[in-house]
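Chain naming here is simple, since letters A, B, ... match the order of the sequence lines and numbering starts at 1 in each.
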Amino acid sequence: MPELPEVETVRRGLAPVLDGAVLARVEARRPDLRFPLPDGFVQRLTGARIGQMSRRAKYLLAPLDRGDVLVMHLGMSGRFEIAGAKAKRRPGEFVYAASVDEKHAHVVFHTGAGETVTYFDPRRFGYMDLIAEDALADHPWFKGLGPEPLGDDFTAARLKSEFASRRQSVKATLLDQRVVAGLGNIYVCEALYRSGISPERAAGSLKPKALTGLVETIRQVLAEAIEVGGSTLRDYAAADGALGYFQHRFKAYGREGEPCLKPSCGGVIERIVQGGRSTFYCPICQR
DNA sequence: CCCACGACCTGTGGGC
DNA sequence: TGCCCACAGGTCGTGG
């Protein structure tokens with residue numbers, strides 16, 4: 001669900017409450033999310049102090065003063081909610097009915113400062129683990145990850161070499177976290193639309209000029225989305241309860257049957273399925 | 001190795 | 001109103 005801009009927005013919402021916080025009490029209300037929580041999850045967290053919250057791809061990272069990193073992935077429907085002095089909104093005041101919501105409050109962090117950070121995840125595709133900090137880079141979740149799209153390593157040259165051998169569609173290739181880390185279905189659709197590249201093109205067939213444009217467009221779309229707090233479709237919100245606004249700027253995603261917004265294009269946005277996922281694009285101006 | 005597809009889990013919204 | 005189906009922001013394992 002949450003892609004890079006949403007996860008980054010969540011990180012920014014959690015940081016004021018969790019950076020430097022001591023976890024006075026931790027509740028694991030069920031033994032597993034997508035995967036079982038690690039052995040001793042609660043004990044290993046209780047009393048630990050968190051350093052600076054960070055993010056890699058779609059993973060949230062909370063480094064602990066005990067040498068472990070609490071790694072959290074939101075899956076499709078994971079979100080955090082803050083309650084306490086720093087909360088801007090009353091608990092439970094959100095998209096799901098309170099009764100439904102409460103049922104999916106799976107993990108609760110109580111800080112020494114009296115704040116409560118609750119992880120909700122109805123579909124339970126999210127996951128958490130505790131990984132030794134010095135083993136993080138070699139961990140299977142991180143080892144093969146591609147460059148951060150907003151970082152210096154994400155370049156047209158890099159994309160060119162990743163794309164070179166692939167006959168797979170450019171849509172599917174950009175969703176591959178080994179190629180570039182953090183894009184998901186929405187932002188790939190939006191970036192390809194803005195780039196004027198058909199999602200069905202074989203990745204390896206893109207010309208240097210298209211690759212350069214694509215890199216720039218991906219950066220722009222993500223930066224814009226972060227700026228407005230990500231996209232709120234159903235169950236996503238920042239940890240402080242703020243809703244994202246980027247969904248109002250979608251030009252392709254979710255716009256099946258609506259007119260292409262490029263001046264004088266005249267096309268109509270189509271929905272196709274690639275790799276089992278919806279792709280939205282304009283067949284006229286995306287070639 | 002590459003790639004397509006089903007599985008995981010629950011909720012929502014549309015059509016009848 | 002109620003029921004059934006399609007679909008949802010992600011990733012992993014399997015099998016061709």
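Both A:R34 and A:R178 sit near DNA chain B, but only A:R178 has its closest nucleotide nearer the 5' end. Of the residues near DNA chain C, A:G276 and A:K58, the one whose nearest nucleotide (by heavy atom distance) lies more toward the 5' end is A:G276.
Between A:Y187 and A:F250, the ring-plane angle classifies as perpendicular under the 30° and 60° cut-offs.
Distance CG (A:L145) to P (C:dT11): 9 Å, rounded to an integer number of Å. For the pair A:R271 CZ and C:dA6 C1', the computed distance is 9 Å after rounding to whole Å.
Checked against the 6.0 Å centroid threshold, A:Y59 and A:F142 count as a close aromatic pair.
In this entry B:dG14 has C:dC4 as its Watson-Crick or G-U wobble partner, both defining distances falling under 3.5 Å. Look at C:dG9: it lacks any Watson-Crick or wobble partner with both distances under 3.5 angstrom. The pairing partner recorded for B:dC9 is none, the criterion being a Watson-Crick or G-U wobble arrangement whose two distances lie under 3.5 angstrom.
By the stacking rule of 5.5 Å between ring centres and under 30° between planes, A:F125 stacks on the base of B:dC8.
Heavy-atom minimum distance, A:K251 versus A:R255: O-NH1, 2.9 Å.
Under 4.0 Å is where a charged nitrogen must lie from a carboxylate oxygen, and between A:D153 and A:R158 no such pair does.
Counting non-hydrogen atoms under 4.0 angstrom, A:S165 reaches nothing in the nucleic acid.
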